[in-house]
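A quick write-up on the structure given underneath.
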Amino acid sequence: MSEKKLQVLTGIFMVIGLICLSYLAIKLGELNLLGNERYPVIAKFTSASGLRVGAYVEAGGVRVGLVDKIEFDTDDYLAVVTMAIDNTVHIHEDAMASIRTAGIIGDKYVKITPGGLDYLEPGGEITETEPSINLEELISKYVFESGDKKK
Amino acid sequence: MLTLAIDGKNYLLDLVERLGRAGIFLLMGLWRIVTPPYKLQPLIKQIYFIGSRSLLVIVVAGVFVGMVVALQFYDTLVRFGSVSLLGAAVGLSLMRELGPVITGLVIIGRAGSAICAEIGIMRNESQIDALECMAIDPYRYLIAPRLLAALISVPLLTAVFITVGIGGGYFVGVILFEVSPGSYFIGMYDAVLWQDIVMGATKSLVFGLIMIWVATAKGFFLHLDKSGVHGSEGVSKVTTDTVVLSSITMLFADYIVSSLIL
């Protein structure tokens with residue numbers, strides 16, 4: 001085989017491979033090459049039980065971002081959830097963030113209820129939060145408390 | 001001291017010696033990759049051999065693996081009414097596990113065995129000694145291009161495999177079983193995170209290194225084989241050893257990498 005043909009065939013392989021690699025990295029891995037399309041917003045919850053990194057952030061049922069990071073603040077014993085919100089979406093300072101469940105056994109997501117004051121700066125904090133609802137606790141409370149009343 | 005002698009042979013010492021030899025061999029090869037002079041022509045030839053020539057078999061394997069994964073997950077998910085998770089299941093399983101592993105096994109069979117036999121025959125016919133006589137560094141001329149070519153080709157082939165597999169999954173899920181294309185792709189894009197891409201890429205790099213390391217080292221040290229089998233029989237033996245040992249080592253490394261990243 002001539003040297004040129006070898007190089008061309010190798011080149012074709014490299015191009016196909018790189019196209020596939022960039023498809024996977026950009027589409028699936030959500031690699032941001034063109035600057036940040038999202039900005040961070042934090043919210044502190046008394047319980048972030050069941051919430052995972054990569055969970056949706058929804059406002060009005062529409063996806064507006066993802067949960068980026070979940071940490072535990074040892075100073076005030078709260079779960080600090082960092083969310084990456086799409087640049088096109090502005091969140092009010094007095095908006096409320098609550099952790100909800102999609103369906104009964106579905107994934108946890110963060111629901112943003114809009115407020116009415118000024119918009120938050122990137123890195124700002126949503127102060128009004130509602131922790132994740134523990135379905136088991138609710139059910140046991142309902143079942144056992146109603147049982148007690150019958151006595 | 002190391003004393004595990006059976007029939008007058010110290011197997012434990014032998015094992016340690018072989019491990020050390022293979023380790024030094026790898027370091028020598030990797031050192032030649034980073035130090036000049038760089039040899040481009042042998043590298044292109046090896047990328048052609050490991051990469052381009054494997055492209056077709058990887059595409060065919062990728063389509064069918066993607067299709068069967070989609071078929072199996074569809075059948076499982078439809079029982080729970082969670083067919084919308086099909087894209088996520090196909091994307092994650094291909095990205096994290098099936099893509100790197102099956103690509104690795106295919107490349108071991110297609111390129112690893114051939115490289116081992118090629119270098120083994122060179123050793124048999126004293127071609128490697130001839131290279132040394134001519135003051136040509138066999139590590140630079142034979143080993144480094146193959147190692148670097150594997151480190152470049154295997155991740156690219158893995159990416160091709162996964163992309164084609166996603167397409168095969170699309171064919172079965174969306175076209176045959178009429179899952180909505182939106183839920184297939186959006187579910188996949190949401191479920192697959194950057195760390196999954198990192199995991200797939202790390203695995204394919206590690207697997208590429210392992211398979212070519214084992215193949216070249218087995219061929220290169222053909223004459224040092226303690227079982228005393230040389231000649232054409234020796235080539236056949238080390239080629240078989242290569243396929244077995246690199247597959248096992250690869251699957252072992254698969255678990256290690258997964259547990260380190262997760």
Side-chain angles (χ1 to χ4, degrees), chain A residues 1-33 36-38 40 51-58 61-70 82-86 101-110, chain B residues 40-56 58-59 62 80-82 84-85 87-88 90-92 94-96 99 103 149 152-167 185-201 204:
Chain A
M1 190 186 314
S2 73
E3 208 151 277
K4 195 174 176 190
K5 197 179 166 195
L6 183 107
Q7 287 171 353
V8 169
L9 288 171
T10 311
I12 291 172
F13 159 68
M14 297 283 281
V15 168
I16 293 175
L18 287 173
I19 289 172
C20 294
L21 201 62
S22 39
Y23 164 75
L24 295 177
I26 294 168
K27 277 295 216 180
L28 270 68
E30 284 152 10
L31 177 70
N32 279 330
L33 293 174
N36 271 338
E37 290 167 2
R38 294 194 172 123
L51 192 69
R52 287 169 149 265
V53 171
Y56 301 154
V57 177
E58 286 188 358
V62 180
R63 258 192 71 196
V64 297
L66 294 169
V67 171
D68 198 32
K69 210 162 45 179
I70 302 173
T82 309
M83 295 169 283
I85 307 291
D86 292 349
T101 312
I104 293 176
I105 51 162
D107 286 338
K108 292 273 185 357
Y109 66 97
V110 180
Chain B
L40 197 60
Q41 204 51 48
L43 176 67
I44 292 176
K45 201 179 157 198
Q46 291 307 322
I47 294 180
Y48 170 74
F49 180 71
I50 300 174
S52 310
R53 298 266 306 267
S54 308
L55 198 55
L56 190 64
I58 286 297
V59 167
F80 304 106
S82 320
S84 60
L85 288 174
V90 171
L92 279 178
L94 280 175
M95 193 74 227
R96 293 165 65 143
T103 308
I152 294 171
S153 306
V154 176
L156 291 181
L157 287 169
T158 308
V160 173
F161 184 97
I162 295 168
T163 312
V164 171
I166 288 170
F185 278 118
I186 300 298
M188 185 185 306
Y189 294 161
D190 284 343
V192 180
L193 300 177
W194 180 243
Q195 69 167 51
D196 300 316
I197 311 276
V198 170
M199 182 189 271
S204 62

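Each chain gets a letter, A, B and so on, in the order its sequence line appears, and its residues count up from 1.
Neither the backbone nor the side chain of A/I19 comes within less than 4.5 Å of any heavy atom in chain B. Contacts of B/Q41 with chain A are made by side-chain atoms alone, with heavy-atom separations under 4.5 Å and no backbone atom involved. Using a 4.5 Å cut-off between heavy atoms, B/S153 touches chain A through backbone and side chain atoms alike. Both the backbone and the side chain of B/L156 come within less than 4.5 Å of a heavy atom in chain A. Within the 4.5 angstrom heavy-atom criterion, only side-chain atoms of B/F185, from C-beta onward, approach chain A.
With sequence neighbours left out, the salt bridge (charged side-chain N to carboxylate O under 4.0 Å, His left out) criterion links B/R96 to B/D196.
Highest contact tally toward chain A, considering only B/I166, B/T158, B/I47, B/I58, is held by B/I47 [criterion: heavy-atom pairs under 4.5 Å].
When all heavy atoms of B/G99 and B/I162 are compared, the pair lying nearest together is CA-CG1, 4.0 Å. Nearest heavy-atom pair across B/I44 and A/L6 is CG2-CD2, 3.9 Å. Counting all heavy atoms, side chain and backbone alike, A/T101 lies closest to A/Y109 at C-CE2, 3.8 Å.
Panel note: side chain B/S204, backbone B/V154; no donor-acceptor pair is recorded below 3.5 Å.
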